[in-house]
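Order of appearance sets the numbers: ligands from 1, and atoms from 1 within every ligand. If you read the sequence from its start, that first residue is 1, and numbering goes on from there.
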Amino acid sequence: MASGAKPLVFVTGAAGLLGSEIVYQLLEAGYSVRGAARGRKLPLLKTAFASYPRFEAVEILDVASSDFTAAFKGVDAVIHTAAPLPGRTDHGTVLNTAIVGSLHIIREAHKAGIKKFVSTSTMLTFPPNEYGPDDWTPITKEQAVQGTPIDVYIAEKKFSDQAVLEFADQHPEMDVTIFCPPWIFGPSAPGFEHIVPEPDFVSFSTNGFVYQLLRPENTNYIYFPGLIDVRDVARIHVAALNPLTDDHPKRVPMASPYQSDFRDAIQYIFDELPELRARLADPNTVPRWPTYQVDLDPSPVEKAFGINSYKTWKETVLDAVDRFLDIEKQWTDKGLKFEVPSMPPV
Ligand SMILES: NC(=O)c1ccc[n+]([C@@H]2O[C@H](COP(=O)([O-])OP(=O)(O)OC[C@H]3O[C@@H](n4cnc5c(N)ncnc54)[C@H](OP(=O)(O)O)[C@@H]3O)[C@@H](O)[C@H]2O)c1
């Protein structure tokens with residue numbers, strides 16, 4: 001890296017909900033970014049950030065097996081977000097891709113002399129259980145493959161976190177951070193409209209649960225409470241490139257400190273965007289839980305990464321809906337037909 005120049009950061013899953021927001025924030029902060037995507041998403045990713053000369057898109061066909069030698073040339077830090085979401089492929093492939101993929105990429109990064117590795121995991125335990133850096137779900141791989149897509153997803157994250165932590169223990173010269181967010185929602189990043197030039201609801205990832213609030217017959221909601229705004233998750237990942245302490249925790253849960261009920265989300269849209277009232281889901285279909293918030297100690301995130309403010313649920317919902325309307329307008333302007341899908345996004 002030339003002296004004074006900002007580091008070059010490699011981002012996997014750069015065309016995803018979280019990856020694209022991380023790329024956007026890095027570029028806005030002056031970093032150079034090499035973003036990885038696969039197949040048809042590669043040209044779309046190039047277009048999404050074409051206005052930034054410091055952005056380059058590269059193809060990584062499979063994080064679990066691709067050769068990273070050329071892709072990691074000149075790279076100073078890796079932010080690894082790529083992973084299969086629940087139900088995207090068969091149980092065995094999901095487990096393998098996530099666990100082998102995380103290990104493969106951290107090993108390749110180490111081989112390339114990269115000293116910083118930041119990875120996205122997920123919340124592994126749900127309210128009312130403890131949700132801290134040392135809390136793990138008891139699920140085994142055998143139980144997971146017999147279970148639901150969510151069981152497999154939780155297991156893929158548990159075992160890839162454990163593999164990465166073991167590698168980190170053996171390589172203290174590498175600064176490793178694993179973030180564990182709950183459900184992620186919020187406005188898709190500027191440029192994301194180019195990732196979805198035509199209706200493609202899978203690409204909205206979990207944000208599809210917010211999009212489905214714009215469907216009167218909707219009954220799809222998240223399966224357990226706990227969420228965070230995509231902009232906050234991305235900000236915390238970017239902050240991990242320059243932690244405030246050398247001895248920060250390696251595994252860091254995060255969550256919105258606000259009560260975040262989808263009934264309120266429907267009310268916010270009803271109040272602030274009256275033109276959407278006829279499209280809104282029925283608030284009586286939203287599940288009732290004792291709490292809509294994760295009881296989490298936010299101080300590790302503040303102490304190590306300097307972040308102590310979070311988007312409110314109202315900001316998350318209304319900003320997300322604004323972006324869905326932008327994207328719908330681009331489809332309508334092209335004469336494309338679409339309907340909010342009836343299947344849950346994950
Ligand atoms: N969304 C949430 O609520 C949530 C909550 C907690 C944690 N997370 C974690 O956050 C990360 C990003 O999630 P997201 O919501 O942004 O998901 P996303 O939009 O689906 O993005 C993930 C990206 O990873 C890519 N990918 C998946 N498997 C791959 C493989 N084997 N090789 C190369 N690329 C692969 C996908 O590529 P394609 O588009 O080509 O399939 C996709 O672009 C994931 O690790 C996820 O587990 C998400």
I'd like to check the salt bridge (Lys or Arg N to Asp or Glu O under 4.0 Å) partners of Arg54; sequence neighbours left out, ordered by chain and number.
none

Write down, by chain and number, every protein residue that brings a non-hydrogen atom to less than 4.0 Å from an atom of ligand 1.
Gly13, Gly16, Leu17, Leu18, Arg38, Lys41, Ile60, Leu61, Asp62, Val63, Thr81, Ala82, Ala83, Pro84, Leu85, Thr97, Thr120, Ser121, Thr122, Tyr153, Lys157, Pro181, Pro182, Trp183, Ile184, Ser205, Thr206

Assess the side chains of Asp326 and Gln330: does a donor N or O sit below 3.5 Å from an acceptor N or O?
no

Under 3.5 Å side-chain donor-acceptor pair for Thr316 and Tyr258
no

Between Pro187 and the options Glu315, Glu21, Arg323, Lys311, the side chain to side chain contact (heavy atoms under 4.5 Å, CB included) test singles out Arg323

State, with a plain yes or no, whether a side-chain heavy atom of Arg251 is found less than 4.5 Å away from one of Ser119.
no

Does the side chain of Asn207 pick up a donor-acceptor pair with the side chain of Ser205 at under 3.5 Å?
no

